[in-house]
Amino acid sequence: MSSGTANERRFAAVVAGGGPAGLFAAWKLAQAGHRVHVLEREEVLGGLAASVRRGANVYAYGTHHLHSPDPAQIAPFQDLVGAELVALERRLKIKFMDRFYPYPLSARDLLLGMPPALMIGSLFSLGRALLGRGARGEPENAEEAIIRLYGRKLYDLMFRDYTARFWGVPVERISKTFVDKRMPGINAIEKLKRLLARARLISAARLGKTAVIGSGAMHTTARGVGPVFEALGDAIRRLGGAVETGTEVAAVLCDGDRVRAVVCRSAAGEREIPCDLLVSTIPIPHLGQRLRPAPPAPVLAAANRLGFRALLVVALLVRPKRRLDALFTYFPDRVFHRLAEVAGPPAQVHPPECSILVAELTCDEGDAVWNDPEAARAAVVEDLVAEGLIDRGGVLETHCLKAAHAYPRYALGFESDLESLLEHVRGYANLTSTGRQGAFQFTSMVPSMHLAWRQTQELLQRMGSHPARWKE
Ligand SMILES: Cc1cc2nc3c(=O)[nH]c(=O)nc-3n(C[C@H](O)[C@H](O)[C@H](O)COP(=O)(O)OP(=O)(O)OC[C@H]3O[C@@H](n4cnc5c(N)ncnc54)[C@H](O)[C@@H]3O)c2cc1C
């Protein structure tokens with residue numbers, strides 16, 4: 001199947017998954033002269049970032065904006081969709097002690113928002129944590145890791161209930177890796193810690209790690225970010241690639257250490273697509289379960305133990321517009337953890353005097369929230385009424401959207417399961433499992449796309465294709 005000289009080999013690549021990561025890697029592969037075939041299970045491209053039409057409006061799996069600290073990473077998408085892609089100011093809020101503050105919460109807002117006795121107690125407990133009182137060795141779980149970063153008082157006040165509700169388990173059952181990779185830091189406290197460490201008043205080990213939760217302007221179109229991925233699909237087709245929707249990768253057929261074909265399933269039936277290489281962006285446990293011959297039993301068991309937290313989105317078309325003063329707002333004590341309003345511009349809502357309130361609820365596939373969206377919808381409406389954001393009679397339409405694989409679940413001990421599965425996948429000479437789902441990482445869209453292309457380039461290099469042909 002491959003052609004060209006040793007340095008310029010062109011491969012037939014199958015890309016499993018037509019979300020941001022798969023489409024970006026496929027586009028780059030097609031630009032580099034390889035023959036690509038994207039297989040997407042859903043009818044719409046874009047994965048978690050897809051725009052889905054319901055009635056006269058477009059809805060999404062929660063709030064999605066393209067963002068990157070580096071404008072050069074947004075430029076290719078501006079070229080693809082043109083002026084339709086609009087930059088919005090990054091304005092996020094959080095409700096804390098019954099008031100709304102900019103998010104991430106600054107130390108000043110945090111401390112001044114508290115009654116004085118609580119503030120003094122929190123500072124005392126933070127000081128103890130910074131000086132490392134009572135902490136020995138590595139933290140055993142996310143609870144210990146957060147307490148070491150912020151002290152017990154702030155943990156109880158801000159993190160314990162929200163984190164447990166988001167994940168559906170007590171915080172001590174979550175791995176500390178979650179805190180390193182995805183816990184939003186309290187910026188000003190991080191700055192204070194760095195100053196104290198520089199003055200050698202606390203050890204550098206006390207700095208810990210917390211994630212930077214995005215930066216740069218937020219980009220979207222009148223129909224959400226879905227059009228970016230439709231445009232990527234069109235660009236791949238223009239370069240001679242195939243992009244199939246409604247087509248699920250059902251099995252991955254291997255000969256020894258090589259993938260030789262994928263079996264895909266669509267309304268037309270099952271068929272085999274031979275390939276030189278496979279870039280898989282589907283959830284990595286699903287890849288493990290689809291490999292034929294099947295991986296050794298311990299690897300398969302590890303794949304079966306890795307899981308995802310699901311998402312139910314309750315989107316309400318409401319009249320009149322609410323004009324929430326932020327792109328989205330975090331609510332620590334409502335059934336939804338995050339709320340956004342789609343009111344435009346650039347969004348176009350029909351009828352124009354309405355807006356769409358998008359409430360995000362985490363859940364598990366098959367639990368009460370997942371199985372009974374009507375009850376969840378009623379609870380969301382109750383909370384919105386209690387917040388003074390809607391009148392019961394103002395809801396014109398409701399649409400519930402479900403995503404089973406919204407967040408990789410960093411359960412205690414998941415690291416060894418993931419490593420065992422990754423090691424098995426690395427054993428194939430022409431396979432990479434990448435993107436947010438394929439690497440089991442908490443990456444946003446742009447990092448997911450760049451991860452997928454970087455790991456695809458590494459695979460090409462291993463397979464003997466020349467880097468000069470790859471364009472960034
Ligand atoms: C609520 C929420 C809000 C978010 N907001 C933002 C935001 O504002 N900005 C941002 O940058 N990021 C945001 N993200 C993160 C963003 O959604 C992800 O980074 C991005 O979607 C990852 O792309 P991906 O291609 O790796 O995975 P996905 O988007 O999950 O795509 C994987 C694709 O594989 C397909 N697939 C699965 N199994 C199969 C199979 N067997 N055969 C064929 N196809 C299959 C799926 O249908 C899907 O299309 C948000 C995430 C969530 C959950």
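These figures come from a predicted structure and were not determined experimentally. We number each residue from 1, following the sequence as shown. Counting convention: from 1, in listed order, for ligands and their atoms alike.
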query = Which bit of Leu23 gets closer than 4.0 Å to ligand 1, counting heavy atoms only: side chain, backbone, both or neither?
reply = neither

key: Identity and distance of the protein heavy atom lying nearest atom 27 (O) of ligand 1   = Gln437 CG, 3.5 Å

key: Ala16 N/O to ligand 1 N/O under 3.5 Å   = no

Side-chain atoms of residues 243-253: list all donor-acceptor pairs with protein atoms under 3.5 Å, sequence neighbours left out, distances to 0.1 Å.
residue: Glu244; atom: OE1; partner: Thr247; partner atom: OG1; Å: 3.3
residue: Glu244; atom: OE1; partner: Arg271; partner atom: NH1; Å: 3.4
residue: Glu244; atom: OE1; partner: Arg271; partner atom: NH2; Å: 3.4
residue: Glu244; atom: OE2; partner: His37; partner atom: NE2; Å: 2.7
residue: Glu244; atom: OE2; partner: Arg271; partner atom: NH2; Å: 2.4
residue: Thr247; atom: OG1; partner: Thr245; partner atom: O; Å: 2.9
residue: Glu248; atom: OE2; partner: Arg290; partner atom: NH2; Å: 3.0

inquiry  = Does Trp167 form a ring-ring contact (aromatic ring centres under 6.0 Å, His included) with Tyr410? I'd like the steps, not just the answer.
reply    = CA-CA 9 Å; Trp167 288 105; Tyr410 283 7; 7.5 Å; no

Any N/O pair Ile282/ligand 1 closer than 3.5 Å = no

Any side-chain heavy-atom pair of Asp325 and Lys93 under 4.5 Å = yes

ask   = Taking atom types as modelled, is there a side-chain donor on Glu415 or Ser175 under 3.5 Å from an acceptor on the other?
value = yes

key: Met449 contact mode with ligand 1 (heavy-atom cut-off under 4.0 Å)   = neither

task = Say whether Ser444, considering both its backbone and side-chain N or O atoms, lies within less than 3.5 Å of an N or O atom on ligand 1.
result = yes

message = Applying ring-ring contact (aromatic ring centres under 6.0 Å, His included) to Tyr330 and Tyr103, what does each step give before you reach the verdict?
response = CA-CA 8 Å; Tyr330 291 91; Tyr103 179 86; 4.4 Å; yes

inquiry  = Are any of the N/O atoms on Ala21, whether in the backbone or the side chain, positioned under 3.5 angstrom from an N/O atom of ligand 1?
reply    = yes

ask   = Is the closest heavy-atom distance from Thr247 to ligand 1 below 4.0 Å?
value = yes

task = Determine, for Arg377 against Glu382, whether the closest basic-nitrogen to carboxylate-oxygen distance falls under 4.0 angstrom.
result = no

query = Which of the atoms of ligand 1 are close to Thr281, meaning less than 4.0 Å from one of its heavy atoms?
reply = 32 (C)

ask   = Is a salt bridge present between Glu397 and Arg54, judged by a nitrogen-to-oxygen distance below 4.0 Å?
value = no

ask   = Centroid-to-centroid, Phe440 to Phe308, below 6.0 Å?
value = yes

Shortest protein heavy-atom distance from atom 16 (C) of ligand 1, along with the residue and atom involved = His64 NE2, 3.6 Å

request  = If you have a sec, work out which protein heavy atom is nearest atom 29 (O) of ligand 1 and how many Å separate them, to one decimal?
outcome  = Leu48 N, 2.9 Å

query = Nearest heavy atom to atom 37 (C) of ligand 1: which of Arg41, Glu40, His65, Arg265 does it belong to?
reply = Arg41

ask   = Should the pair Asp255-Arg258 be classified as a salt bridge under the 4.0 Å nitrogen-to-oxygen rule?
value = no

inquiry  = Heavy-atom contact check, 4.0 Å cutoff: does His405 meet ligand 1?
reply    = no

task = Using a 4.0 Å heavy-atom threshold (strictly under), name the region of Ser448 that reaches ligand 1: side chain, backbone, both or neither.
result = side chain

query = Would you say the side chain of Leu312 lies within less than 4.5 Å of the side chain of Thr362, judging by non-hydrogen atoms?
reply = no

message = Below 3.5 Å, N or O to N or O, backbone or side chain included: is there any such pair between Gly62 and ligand 1?
response = no

task = Kindly confirm or rule out a cation-pi arrangement of Arg338 over Phe328, judged by NZ or CZ under 6.0 Å from the six-membered ring centre and within 45° of its axis?
result = yes

inquiry  = I'd like to check whether Leu66 has a polar contact with ligand 1, where a contact means an N/O of the residue lying under 3.5 Å from an N/O of the ligand.
reply    = no

ask   = Which ligand 1 atoms are under 4.0 Å away from a heavy-atom of Thr443?
value = 15 (C), 18 (C), 19 (O)

Polar atom proximity, His286 to ligand 1 (N or O, under 3.5 Å) = no

inquiry  = Tell me whether ligand 1 is touched by Arg290 - counting only heavy atoms on the residue side and a distance under 4.0 Å.
reply    = yes

query = Which protein non-hydrogen atom lies closest to atom 5 (N) of ligand 1, naming both residue and atom, and how far is it?
reply = Thr63 O, 2.8 Å

request  = State which residues pass ring pair (Phe, Tyr, Trp, His ring centres under 6.0 Å) with Phe229; sequence neighbours excluded, sorted by chain then number.
outcome  = none

Nearest neighbour of atom 52 (C) of ligand 1 from the list Tyr407, Phe442, Phe308, on a heavy-atom basis = Tyr407

inquiry  = Please classify the Met218 to ligand 1 contact at 4.0 Å (heavy-atom distances, strictly less than): side chain, backbone, both or neither.
reply    = neither

inquiry  = Does any part of the side chain of Met97, heavy atoms only, come nearer than 4.5 Å to the side chain of Leu157, both counted from C-beta?
reply    = yes

